[in-house]
Protein chains: 2
Amino acid sequence: METAERLIRSTQQLLWERGYVGTSPKAIQAAAEAGQGSMYHHFSGKAELAKAAIERSGAELRAAVEEQFAGPGTATDRITRYLERDREVLKGCRIGRLTADPEVMADPVLRAPVADLFRWLRDRLAEIIAEGKRSGEYPDRLDPEQTAATIAAVLQGGYVLARAAADEEPFEQAVQGMIELLRGVAR
Amino acid sequence: METAERLIRSTQQLLWERGYVGTSPKAIQAAAEAGQGSMYHHFSGKAELAKAAIERSGAELRAAVEEQFAGPGTATDRITRYLERDREVLKGCRIGRLTADPEVMADPVLRAPVADLFRWLRDRLAEIIAEGKRSGEYPDRLDPEQTAATIAAVLQGGYVLARAAADEEPFEQAVQGMIELLRGVAR
DNA sequence: GTCTATAGTAAGATAGAC
DNA sequence: GTCTATCTTACTATAGAC
């Protein structure tokens, strides 16, 4: 693999584990097995590398989610498939964790791909719920945007609860609770 | 105010804004208007100070939540009051954000108060839901622990969505979506 | 493209005077 | 209790040789 690619992937991993503030160029270089000069040849610095890494992670997540949504079944089926997908729960969300990073939030260039991913996810969930309403699966009173935000929030919050407990259980409970509520509202 | 107290409060604030990894002793001293020697006289170092600050924040949050729960009304009323309480949404959760901090998660002493708060919160929510079941407000099939985890997760995830968007709206949507689902399941 | 040398700043803490 | 001096290591980058 080329050096630039190794640098991006190592940065993705480190941002996931330690965030932007907690990740040093030196650590990236070590993980990528690249020298100092090599890193600064390919990227202007930590920020540019992080931008590339965050955008890459966003694109990967989008593709993975789209895969869960794509299959057959009712809206509830498709959302359930997404919610129940295998996840590294205790590692948390690669993109969501960046919202806790002060320097990512302060830099519009770094925050943009984070904002974009969640904007896209909520829109996509709202579409599926709207389809469910049109097909008669969900009642008229169900608000697609609200419900989409609730579903996205349960996942992100589930990670928080699980990491706090150092145990996947709260995540699984939160997700199953959400699925039950969704089934309750569905006909 | 005494120096030790100022140091704790400044640390609470900085942990909230920048996390543990992003907060330096120097920044704490500046915020508390305390000298280097002063800080190291009262606390052994950054970790001990953070421990005190996290425990303090946990106790404060617990008291605030208990206040929302304490009033009159049905289970749904009380949970709704808690969900709709005024919050500094874009600042995120003071305790929840620490689950993104690698050094807090790695240190059992720092993680304990975080784990305790969320354990307590989920238990407390589950109690209220169980009361709602006993009073006939909620159906038998509703699982208190699951639903409690879902509610706690919606709040934590709502913060994540709002910060990503730099806008409180997704938080409000997620919360209202949750309230609607809860009302839907209640009789 | 990659390497080593260099550099200024900050992190996190200790020592000892007052 | 608080202050200043000092220390070691890390952060983040630049410069210039190869």
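Residue numbers begin at 1 in each chain, while the letters A, B, ... track the order of the sequences. Both backbone and side-chain heavy atoms feed into the values below; hydrogens, waters and symmetry mates do not.
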- Rounded to the Å, how far apart are Leu7(B) CG and dG1(D) P? 13 Å
- Kindly say if Thr3(A) contacts the phosphate of dT2(C), meaning a side-chain N or O under 4.0 Å from OP1 or OP2. yes
- To the nearest Å, give me how far apart CG (Asp107(B)) and P (dG12(C)) are. 14 Å
- Measure from CD on Gln29(A) to P on dT4(C) and round the result to the nearest Å. 12 Å
- Query: Taking the side chain of Pro25(B) as its heavy atoms from C-beta onward, which of dA13(C), dG1(C), dA13(D) lies nearest to it?
  - Reply: dA13(C)
- Task: Taking only the side-chain heavy atoms of Tyr40(B) (C-beta and beyond), determine which of dT12(D), dT2(D), dA13(C) contains the nearest atom.
- Result: dA13(C)
- Task: Check the surroundings of atom CD in Glu33(B): do more than 12 heavy atoms from other residues, nucleotides or ligands lie under 6.0 Å from it?
- Result: no
- Task: Look at all strands and tell whether Gly37(B) reaches a base, only sugar-phosphate, or nothing, counting heavy atoms closer than 4.0 Å.
- Result: base
- How close or far is atom P of dG1(D) from atom CD of Glu5(B), stated in whole angstroms? 15 Å
- Message: From CE of Met39(B) over to P of dT4(D), roughly how many Å is that when rounded to an integer?
- Response: 16 Å
- Message: Rounded to whole Å, please give me the gap between CD1 in Ile28(A) and C1' in dC11(D).
- Response: 12 Å
- Task: Ignoring the backbone of Gln36(B), work out which of dT14(C), dA11(C), dC3(C) is nearest its side chain.
- Result: dT14(C)
- Within 45° of the axis and under 6.0 Å from the centre of the six-membered ring of Tyr82(B), does NZ or CZ of Arg87(B) qualify? yes
- Query: Is Ser24(A) near enough to dC11(D) that one of its side-chain N or O atoms lies under 4.0 angstrom from OP1 or OP2?
  - Reply: yes
- Whole angstrom value for the distance that separates P of dA10(C) from NZ of Lys46(B): 16 Å
- Nucleotide dT2(C), atom P - distance to CD of Glu2(A) in whole Å: 10 Å
- Message: Using a 6.0 Å cut-off, check whether atom NZ of Lys91(B) has over 12 heavy atoms from anything other than its own residue.
- Response: yes
- Distance test, side-chain N/O of His42(B) to OP1/OP2 of dT2(D), below 4.0 Å: yes
- Query: Got a sec: does the NZ of Lys133(B) have more than 12 other heavy atoms crowding it under 6.0 Å?
  - Reply: yes
- Message: More than 12 heavy atoms of other residues, nucleotides or ligands under 6.0 Å from CD of Glu67(B): yes or no?
- Response: no
